[in-house]
Amino acid sequence: MNSSTTVRTARRRTLRVAAAALTAAAALTLTACSGSDAADAKPASHSEAAKAAVELSGAGSSGLPGSDAQASAGAKADAKTGAAGKQPGSAHAAAAKAASPVRTQRLADGISKAEIYQLGDQHYRAKIVARGSVLATMETKGHDDGLDANDMFVTLTLDGQVHSWMGGGHQGPGTFTLAGGWTAKVTKVGELRYRAQIIGHDGVAATLETNQHDVGLDANGINIVLSSGGVISAHE
């Protein structure tokens, strides 16, 4: 037998071995899929046959079902899906906190009430409600806020405290003596714009200015409101 005949014979034998290995792998796969007893399916033989078939056909191991690459990809997909389904608990807590008032407080007129909401650190909102309707909204944004509600004066402080009182207003411009020994010098600086200098023993301690919006201040326990119409009132 010459060398070419020998090579062809060897190739035919190799192809027969590959075909036999592939047939064995397919048979084991069909047996596993048909629900045969786990004791009868021989995982070791199945693995060896599949390995032999892949080696003979030239395929890489990453293409096998259950390979490490697929397991890794599946794990990454599960982790990504799980992460996408999560929402920060702090966001839920903040939303719930802003949606519900931290307390409700009756005001000086005996009819209205203030619903106080905490929006953040030193950030509060107060809704002035009467007979089920919101009459006004106050909010602290780095400073106290104030309101003149038909001669009922209301302040909202940075720490969320609400104070209210009736009357005691002075119409500016002018200079007026306020509760607590303070003096207010009120000047008009524009349409619906007034400025009040709050003066103590050591000079000007604070300045209030309206810009079409009432303003308020807690001056060492003395609550002061300056309205956009130039009315100033204080209460201890």
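Only a predicted model underlies this, so the values are computations on that prediction, with no experimental measurement involved.
How far NZ of Lys188 is from OG1 of Thr210: 10.0 Å, rounded to the nearest 0.5 Å. Note: Tyr194 OH to Leu192 CG = 8.0 Å, rounded to the nearest 0.5 Å. From His163, atom NE2 reaches atom CD1 of Ile222 across 10.5 Å, with rounding to the nearest 0.5 Å. Between the OH atom of Tyr124 and the CG atom of Asp144 there is a distance of 12.5 Å, given to the nearest 0.5 Å. Taken to the nearest 0.5 Å, the CZ atom of Arg106 stands 9.5 Å off from the OG1 atom of Thr104. Interatomic distance, OG1 of Thr157 versus CG of Asp159, reported as 3.5 Å (0.5 Å rounding).
For Met138 against Leu156, the heavy-atom pair with the smallest separation is CE-N, 3.6 Å. Nearest heavy-atom pair across Gln212 and Glu191 is CG-O, 4.4 Å. Of all the heavy atoms in Ala114 and Val162, the pair that sits closest is CB-CG1, 4.2 Å. Residues Asp148 and Asp214 come closest through the heavy atom pair N-OD2, 3.0 Å. For the pair Ser164 and Val154, the tightest heavy-atom approach, listed with the atom from each and the gap, is CB-CG2, 4.1 Å. For Val186 against Gly172, the heavy-atom pair with the smallest separation is CG1-CA, 4.0 Å.
Shown here is Asn150, whose CG atom has no more than 12 heavy atoms of other residues, nucleotides or ligands within 6.0 Å.
Residues Phe153 and Ile111 fall into different hydrophobic clusters, defined by Ile, Leu, Val, Met, Phe, Trp and Tyr side chains chained together at heavy-atom separations under 4.5 Å. Put simply, Leu208 and Phe176 are part of the same group of oily side chains (I, L, V, M, F, W, Y) that touch within less than 4.5 Å, one to the next.
Of the possible donor and acceptor atoms, none in the side chain of Asp145 sits under 3.5 Å from a partner among the backbone N and O of Thr140.
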Evaluation steps, side chain to side chain contact (heavy atoms under 4.5 Å, CB included), between Asp218 and Thr155: CA-CA 8 Å; Asp218 177 0; Thr155 58; over 6 Å; no
Residues Trp182, Asn220; criterion side chain to side chain contact (heavy atoms under 4.5 Å, CB included); working and verdict: CA-CA 10 Å; Trp182 295 104; Asn220 294 334; 4.0 Å; yes
Stepwise salt bridge (Lys or Arg N to Asp or Glu O under 4.0 Å) test for Glu115 and Lys127: CA-CA 5 Å; Glu115 296 179 352; Lys127 293 181 181 179; 5.4 Å; no
Derivation of the side chain to side chain contact (heavy atoms under 4.5 Å, CB included) call for Leu178 and His170: CA-CA 9 Å; Leu178 304 180; His170 305 279; 4.1 Å; yes
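Annotation: side chain of Arg125 is not in contact with side chain of Ile116 (no heavy-atom distance under 4.5 Å). Using a 4.5 Å heavy-atom threshold, the side chains of His123 and Lys141 count as touching. Side-chain contact check for Met166 versus Asp109: some heavy-atom pair is nearer than 4.5 Å.
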Name each donor-acceptor pair under 3.5 Å that joins a side chain in residues 224-236 to protein atoms two or more places apart or in another chain, with its distance.
unit_1 : atom_1 : unit_2 : atom_2 : d
Ser227 : OG     : Gly229 : N      : 3.3
Ser227 : OG     : Gly230 : N      : 3.4
Ser227 : OG     : Val231 : N      : 3.0
Ser233 : OG     : Trp165 : NE1    : 2.9
Ser233 : OG     : Gly167 : O      : 3.1
Ser233 : OG     : Gly168 : O      : 3.3

